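Just so you know, these numbers use all the heavy atoms, side chains as well, and skip hydrogens, waters and symmetry mates. We number each residue from 1, following the sequence as shown. Since the model is a prediction, treat every value here as computed from it, not as a measurement.
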Amino acid sequence: MLRVNLLLQRQSFRFLSSQSHDLVVIGGGPAGYFAAIKGAQLGFNTACIEKRGKLGGTCLNVGCIPSKALLNNSLMYDQILNDTQKRGIVVDKKNVNLDFDGLMKYKDKVVSQLTGGVEMLFKKYGVTYYKGDGEFLNENEVVVKPVDGLEGTVKENINLQAKNFVIATGSEVTPFPGITIDEERIVSSTGALSLKEVPKRLAIIGAGIIGLEMGSVYNRLGSEVTVMEYQDKIGSSMDDEVAATMSKVLKKQGFNFKTNAKVVSATRSGDVVDFTVENTKTGKQETLQADVLLVAIGRRPYIQGLGAEKIGLEVDESGRLVIDNQYNTKFPHIKVAGDVTFGPMLAHKAEEEGFAAVELFKTGHGHVNYNNIPSVMYTHPEVAWTGKNEKELKRDDINYKVGKFPFIANSRAKTNMDTEGFVKILIDAETERILGAHIVGPNAGEMIAEACLALEYGASAEDIARVCHAHPTLSEAFKEASMAAYSQPINF
C-alpha cells in the first residue's frame, strides 16, 4: 500500500521536465546562497531553489539590511535635531523635517540593490537559480513547484536529481499565542519595517535585539516607546553588566521598560491596540493602549512544505532539523545549515555553516567555531560580544579575570562626543588567554572583529595589548581593556 501511495504521489506532480545537478541548495538566504556560491566555486554543478522571489533570505529582505538602513538614518535625524548645537553646528529645527516615505524608499532601494547583487553573483559563478517551492520526493530528488503570484517562478513542476543537498530554509517570526498579527497595527518585525507612518505610541513585546533596535528607530523618529519583557532584565543573551548599562542608556533616551511583564492579551480596535500586561511577581494587571504593537519574541525554524517528514528527517521539540557535527541528517548527502537547525539565528553563523557544509562535501573538512560567534545590537551606543560572559564562566567554574576600559577615557571617543560605554575583556586567570569580550560603545559592531580574531587564534590579553593600535582610534579602548585584564591600563 505504501508503494502504491508513493507512486500516486509522484504521478500527481506531473513532471514536465527534469534536471540533474551535483548540488542542490534549498533556500536562498545567507546559509543557502553562501553554500550555492561556494559549491560552484569548488566545481559543483550547483542549483539553488528559493520561493521568496528575491535572494538573501530574511536578512537581506526583512531583517538585518532594512533595519540597519532605518537605524542609521533615524540616528542621523535624531543627531541633527538634538546633537548639533554642542558641536558648534547651528541648525534651524523648524526647517528640519522627516520625510518618512523617503526614509522607507531608501530602505527599499538598498534591499533591492543587495538582493539583486546576490542574483548577479549566481550568474557570475554559474549557479542555476530556480524561483519556486522546493519539496523532497525522496532522499535523491526534489520537485520545484510554481508559486502563485511570484514573478519569474518556474512555469511547471521540475524534478531535480542531485548527488548532494543543503537544506537552508531559514526561519519565520514566532507567533504570540492569542494575538493576531495583521502587519498594520499589530505587527511582526516585518511589518515594523514597513509602517505607513510614525506611531505616536509604539508598544513592543520582547526586549531582545529586534525589539530594542526597532524601538530605537521609532523612538528617534518621535514615538513614545514602551517595551514589555517577561524576564527580569532586557537583553537576556547579553552579559548582565552590559544589559544593565544598556537599560540605563535606553531609559535616558526615552524608552519605558516593563520587566517581569507578561502580555496576557492584545486586540485591535480600529487604529488602536488594547493590551493587558500582568506583573509576573505580583500578579497585578494593567490595560494599556498603543497605536502599534510590535511582537518581537524571536523566530522559529521554517520547514513547511519541505517534505522533511516524507523522507524521515528528524525534527526536535523546537522544530529544528537534527544533524550531527558535520551537518548531516540521517542521510550523509543531505546537510542542513542556518536558522533551520541548532545554534543562534544569526546571518553570519548561517553563512559559515553553508560554507562549511559544502566544503565537507568536497574535501571532508569544514569548520565553524561555535564558541566564537559574535552578536551585535545596532542601537546607539552599539552592543557587541563574543565568547563567554561572566555568568557562563561562573557556571563552568572557570577562574577568570576582568579587564575594563571606559570610552570616556578614550581620546577618539572624546573628540567624537560619543563616550557612553566600555570594553570588557574576560581572560583565563592562569593562561591569560581571552575567553570573551563585551563592548558597549561607538562602533562596537566593528571592534568586536578584533576580539573574534584574538579568540580564534588563542591570543592572550598581553598579546593584544602589545599590538600597536593606531592613535587616536576607538580600538585603543580594546587595547587598554586588555592591559587592564593582565596588568594596568595607561589612560585610566
Side-chain angles (χ1 to χ4, degrees), residues 60-114 181-207 209-227 246 249-257 268 270-273 288-296 376-383 416-418 420 442-443 445:
L60 263 66
N61 287 278
V62 289
C64 318
I65 298 306
S67 66
K68 301 313 164 281
L70 294 180
L71 280 158
N72 183 68
N73 291 340
S74 64
L75 179 59
M76 290 179 65
Y77 174 71
D78 180 69
Q79 289 178 326
I80 290 169
L81 283 180
N82 303 307
D83 194 39
T84 54
Q85 188 172 354
K86 65 183 180 181
R87 299 174 184 272
I89 304 170
V90 179
V91 174
D92 181 0
K93 293 185 180 181
K94 293 180 181 178
N95 291 320
V96 178
N97 298 303
L98 175 66
D99 178 4
F100 190 66
D101 288 342
L103 202 72
M104 290 297 179
K105 286 178 182 176
Y106 174 77
K107 176 259 302 181
D108 293 339
K109 179 182 178 181
V110 171
V111 169
S112 179
Q113 288 173 336
L114 289 174
I181 293 175
D182 60 20
E183 300 297 17
E184 292 179 351
R185 292 291 170 177
I186 301 179
V187 301
S188 68
S189 55
T190 300
L193 291 166
S194 300
L195 296 180
K196 303 301 182 187
E197 60 184 9
V198 178
K200 279 189 173 183
R201 299 166 298 176
L202 172 65
I204 301 171
I205 305 176
I209 290 178
I210 294 173
L212 297 179
E213 286 187 348
M214 296 313 300
S216 291
V217 169
Y218 288 103
N219 176 59
R220 295 164 187 166
L221 300 181
S223 296
E224 177 187 311
V225 176
T226 300
V227 183
M246 283 307 297
V249 169
L250 293 174
K251 284 178 182 176
K252 194 188 306 181
Q253 292 177 7
F255 277 64
N256 177 32
F257 288 111
R268 176 179 175 177
D271 290 339
V272 173
V273 180
L288 304 169
Q289 284 189 332
D291 301 294
V292 172
L293 175 66
L294 166 59
V295 179
V376 183
M377 183 170 75
Y378 296 88
T379 50
H380 188 80
E382 291 182 352
V383 181
N416 291 351
M417 291 189 187
D418 201 359
E420 197 83 63
N443 285 7

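Rounding to the nearest 0.5 Å gives a distance of 5.0 Å between OH of Tyr77 and CG of Leu98. Taking OG from Ser194 and CG from Asp108, the interatomic distance works out to 6.0 Å, rounded to the nearest 0.5 Å. Leu212 CG to Met246 CE: the interatomic distance, rounded to the nearest 0.5 Å, is 7.0 Å. For the atom pair OG of Ser188 and CG of Leu193, the computed distance is 8.5 Å after rounding to the nearest 0.5 Å. Rounded to the nearest 0.5 angstrom, Lys109 NZ and Gln113 CD are separated by 5.5 Å. One finds the CG atom of Leu70 at 5.0 Å from the CE atom of Met104 (value rounded to the nearest 0.5 Å).
In terms of heavy atoms, Ala207 sits closest to Val227 at CB-CG1, 3.7 Å. Across Leu71 and Ser216, no two heavy atoms sit closer than the pair CD2-CB, 4.1 Å. The two residues Ala192 and Leu294 have their closest heavy-atom pair at CB-CD1, 4.0 Å. Shown here for Tyr218 and Val225, the closest heavy-atom pair between the two residues is C-CG2, 4.4 Å. In terms of heavy atoms, Ile210 sits closest to Ser189 at CG2-CB, 3.8 Å. Taking all atoms of both residues into account, the shortest heavy-atom contact from Asp182 to Glu184 is OD1-N, 2.7 Å.
Under the salt bridge (Lys or Arg N to Asp or Glu O under 4.0 Å) criterion, the residue pairs touching residues 212-223 are Lys68-Glu213, with sequence neighbours excluded. For residues 91-102, no residue pair satisfies the salt bridge (Lys or Arg N to Asp or Glu O under 4.0 Å) rule, not counting sequence neighbours.
Looking at heavy atoms from C-beta onward, Gln85 lies out of side-chain contact with Val90 at the 4.5 angstrom threshold. The closest side-chain heavy-atom distance from Val249 to Pro381 is below 4.5 Å. Contact of the Asn61 side chain with the Val111 side chain is registered, since non-hydrogen atoms from C-beta on lie closer than 4.5 Å.
With Ser223 contributing its side chain and Pro199 its backbone, the two residues share a donor-acceptor pair below 3.5 Å. Of the possible polar contacts, one joining the Gln253 side chain to the His380 backbone as a donor-acceptor pair under 3.5 Å is found. A donor-acceptor contact shorter than 3.5 Å links the side chain of Ser67 to the backbone of Gly63. For the pair Gln79 (side chain) and Thr84 (backbone), a donor-acceptor distance under 3.5 Å is absent. Between the side chain of Arg201 and the backbone N or O of Leu293, no donor-acceptor pair lies under 3.5 Å. A distance-only check finds no donor-acceptor pair linking the side chain of Tyr378 to the backbone of Cys64 [under 3.5 Å].
Listed by chain and residue number, Met76 satisfy the side chain to side chain contact (heavy atoms under 4.5 Å, CB included) test with Asn72 (two or more places apart in sequence, or in another chain).
No option in Asn73, Leu103, Asp78, Leu202 other than Leu103 meets the side-chain contact (heavy atoms from CB on, under 4.5 Å) test with Leu221.
Counting non-hydrogen atoms of other residues, nucleotides and ligands closer than 6.0 Å to NZ of Lys196 gives a total of 12 or fewer.
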